[in-house]
Amino acid sequence: MSNVEQDLKLPKVLYIETTNRCNLRCRGCILYRGNWEPDRDISLEELIRITDQLPGLEQVYLHGIGEPLLNKELPEIIRHLKRRQVYVLFNSNGILLDERRRDGLMNAGLDELRISLDAASSEGYKKIRNSNNFDQIVENLKSFLLLQKKQSATLPKLSLWFLGTKDNIAELPGFVQLAAEIGIGEIYLQRLVYFQDDEGYGVARGHKSLQESADGSSDLIKKSQDMAARLGIQFDASGLGQPMESLQAEARAKSPWRNCYRPLTLMYITANGNVLPCCISPFATVDYSSIILGNVFENSLAEIWSGSKYENFRKQHQTETPPISCRGCGVQWSL
């Protein structure tokens with residue numbers, strides 16, 4: 001074991017797929033071409049068994065591939081983590097955010113709820129997400145905010161997320177306006193993630209990614225930034241980036257993936273227990289077996305974290321030829 005591995009502390013941040021089932025087949029999601037693993041939910045008992053191995057746990061993302069609200073034990077999972085004073089959040093499409101679930105999430109103490117919408121109109125939503133539920137989601141969010149107002153509650157914090165592609169970027173200014181109309185004060189632009197070693201799936205292909213200015217993307221982003229500023233809405237990008245950095249361009253530094261902190265600080269666990277280097281990796285390579293670093297139902301987190309697969313991944317990650325799942329990072333999406 002290397003000195004780096006010996007000094008490596010167990011992660012304080014976990015991504016846990018509470019389910020990999022979903023009620024949508026979005027054109028920008030890997031489920032559009034089929035999941036890598038069998039459908040499964042993480043149980044409360046399993047989550048406790050996993051997280052009890054990390055006494056220093058500080059933050060848990062309860063999402064991955066799939067819609068977390070489909071897991072019937074989700075409120076109890078959140079409640080358990082909050083008893084440990086862990087910061088809890090997840091992404092959702094918002095379709096199932098009915099009165100019962102709104103009450104359940106608030107009562108459980110959820111810190112943050114991110115709604116992935118990707119559109120500003122029902123027509124745009126249908127085009128990118130193959131669904132007619134746009135108006136229902138908007139009403140769900142309005143009802144959620146009304147409930148929070150009645151209860152003088154500030155949590156969970158709500159935000160809207162927009163996966164930017166050539167197919168929907170024209171709706172970004174309208175997306176900003178929509179957030180203002182609903183009463184949501186934070187929006188985020190995400191880069192398109194796609195296989196680096198295959199032609200891709202749905203809209204998740206290189207030619208669908210946003211470019212510097214040839215397709216007008218930069219003008220639309222700038223317009224949206226100005227609008228957000230006028231409306232008092234915080235407009236950022238996913239990861240550590242800014243909206244303009246969501247445009248695909250040449251790497252601004254040599255081997256930008258070397259700056260990624262994920263291999264040293266967090267662990268991603270699928271609903272079937274497989275440990276992956278990050279939530280981006282299953283969207284970025286067709287060689288799924290190469291990104292499985294262990295399984296939590298077969299070995300302890302400590303054994304996996306300091307094991308040879310993780311060690312080899314970290315070593316290759318710091319070379320000029322990193323794992324395929326990392327080769328576009330900093331270019332195709334935000335760190």
Side-chain angles (χ1 to χ4, degrees), residues 24 26-29 61 63 67-69 87 89-95 97 102 105 110-129 131 133-146 148-149 154-193 203 209-210 216-248 279-280 332-335:
L24 289 180
C26 304
R27 297 178 66 231
C29 177
Y61 294 74
H63 63 241
E67 170 50 54
L69 291 175
Y87 188 92
L89 67 157
F90 65 87
N91 281 43
S92 169
N93 59 42
I95 293 174
L97 201 58
R102 291 193 292 268
L105 295 180
L110 181 67
D111 292 290
E112 187 177 342
L113 177 59
R114 302 173 173 181
I115 302 298
S116 299
L117 199 57
D118 304 341
S121 67
S122 56
E123 295 78 15
Y125 192 79
K126 175 67 174 179
K127 185 176 182 180
I128 196 84
R129 289 191 164 249
S131 170
N133 291 108
F134 179 82
D135 292 335
Q136 176 189 341
I137 297 166
V138 171
E139 290 306 311
N140 286 347
L141 292 172
K142 289 180 178 178
S143 296
F144 204 147
L145 288 170
L146 182 60
Q148 287 186 317
K149 185 177 181 180
T154 58
L155 297 178
K157 179 177 68 174
L158 293 176
S159 58
L160 290 183
W161 292 64
F162 188 100
L163 174 66
T165 75
K166 287 185 178 180
D167 287 358
N168 69 345
I169 191 61
E171 293 212 1
L172 186 59
F175 186 76
V176 176
Q177 183 65 46
L178 175 66
E181 292 173 359
I182 296 174
I184 293 178
E186 291 185 20
I187 60 174
Y188 293 83
L189 178 61
Q190 291 180 283
R191 288 186 180 185
L192 180 66
V193 179
V203 298
S209 61
L210 304 180
S217 298
S218 56
D219 292 337
L220 284 164
I221 293 174
K222 182 63 167 62
K223 178 181 178 180
S224 301
Q225 285 181 298
D226 293 342
M227 182 182 297
R230 289 196 305 272
L231 294 171
I233 293 175
Q234 180 181 327
F235 182 20
D236 292 312
S238 56
L240 300 177
Q242 294 299 311
M244 281 296 183
E245 295 173 10
S246 295
L247 299 172
Q248 179 174 317
C279 62
I280 292 171
Q332 273 77 36
W333 52 83
S334 302
L335 285 172

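Numbers here are sequence positions counted from 1. Since the model is a prediction, treat every value here as computed from it, not as a measurement. Side chains are part of it too, since the values below use all heavy atoms of this structure and drop only hydrogens, waters and symmetry mates.
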Task: Nearest atoms (heavy-atom pairs only) where Leu192 meets Val203 - done: CD2-O, 3.2 Å

Task: Within-4.5 Å side-chain heavy-atom neighbours: Ile233 and Ile187 - done: yes

Task: Backbone of Leu158 reached by a side-chain donor or acceptor of Arg114 within 3.5 Å - done: no

Task: With Gln136 via side chain to side chain contact (heavy atoms under 4.5 Å, CB included) - residues at least two apart - done: Ile95, Asn133, Asn140

Open item on the list: Return the CD to OG distance between Glu112 and Ser159, rounded to the nearest 0.5 Å.
Closed with: 5.5 Å

Open item on the list: Let me confirm one number: the CZ-CG distance from Phe90 to Leu105, rounded to the nearest 0.5 Å.
Closed with: 4.5 Å

- [ ] Indicate yes or no for a side-chain donor-acceptor contact from Glu171 to the backbone of Ala120 under 3.5 Å, with no hydrogens or angles considered.
- [x] yes

Task: Student check: side-chain heavy atoms of Leu155 and Leu110 closer than 4.5 Å - done: no

Task: Shortest non-hydrogen separation from Phe134 to Ala119 and the atoms involved - done: CE1-O, 3.7 Å

- [ ] Give a yes-or-no answer on whether the side chains of Ser92 and Glu67 include a donor-acceptor pair shorter than 3.5 Å.
- [x] yes

Task: Full working for side chain to side chain contact (heavy atoms under 4.5 Å, CB included) between Leu113 and Leu97 - done: CA-CA 11 Å; Leu113 177 59; Leu97 201 58; 4.0 Å; yes

- [ ] Look up atom CD1 in Ile128 and atom CG in Asp118, then write down how far apart they are to the nearest 0.5 Å.
- [x] 6.0 Å

Task: Pairing residues for Asp135 by the side chain to side chain donor-acceptor pair (under 3.5 Å) criterion, not counting sequence neighbours - done: none

Task: Ser116: side chain to side chain contact (heavy atoms under 4.5 Å, CB included) partners, not counting sequence neighbours - done: Asn91, Arg129, Trp161

Task: Asp226 and Arg230 ion-paired at < 4.0 Å - done: no

Open item on the list: In the structure I gave you, are the side-chain heavy atoms of Phe175 and Leu189 within less than 4.5 Å of one another anywhere?
Closed with: no

Task: Gap separating the CG atom of Leu163 from the SG atom of Cys29, nearest 0.5 angstrom - done: 10.0 Å

Open item on the list: So, using side chain to side chain donor-acceptor pair (under 3.5 Å) as the criterion, who are the partners of Asp167 when residues are at least two apart?
Closed with: Lys208

- [ ] Could you list all the side-chain hydrogen bond (donor to acceptor under 3.5 Å, both in side chains) pairs where at least one residue sits in residues 176-186, not counting sequence neighbours?
- [x] Glu186-Tyr188

Task: Donor-acceptor contact below 3.5 Å, side chain Gln234 vs main chain Ala228 - done: no

Task: Atom of Leu178, atom of Val138 and distance for their closest heavy-atom approach - done: CD1-CG2, 4.3 Å

Task: Smallest separation among heavy atoms of Pro156 and Gln148, with atom names - done: O-NE2, 2.8 Å

Task: Which atom of Phe235 lies closest to which atom of Ile221, heavy atoms considered - done: CE2-O, 4.1 Å

Task: Closest approach of Leu160 to Leu141 (non-hydrogen atoms, all atoms of both residues) - done: CD2-CD1, 3.8 Å

Task: All side chain to side chain contact (heavy atoms under 4.5 Å, CB included) counterparts of Lys126, not counting sequence neighbours - done: Asn132

Task: Approximate separation, where rounding is to 0.5 Å, of Leu172 CG and Lys222 NZ - done: 13.0 Å

TODO: Can you measure from OH (Tyr125) to CG (Asn168) and round to the nearest 0.5 angstrom?
DONE: 12.5 Å

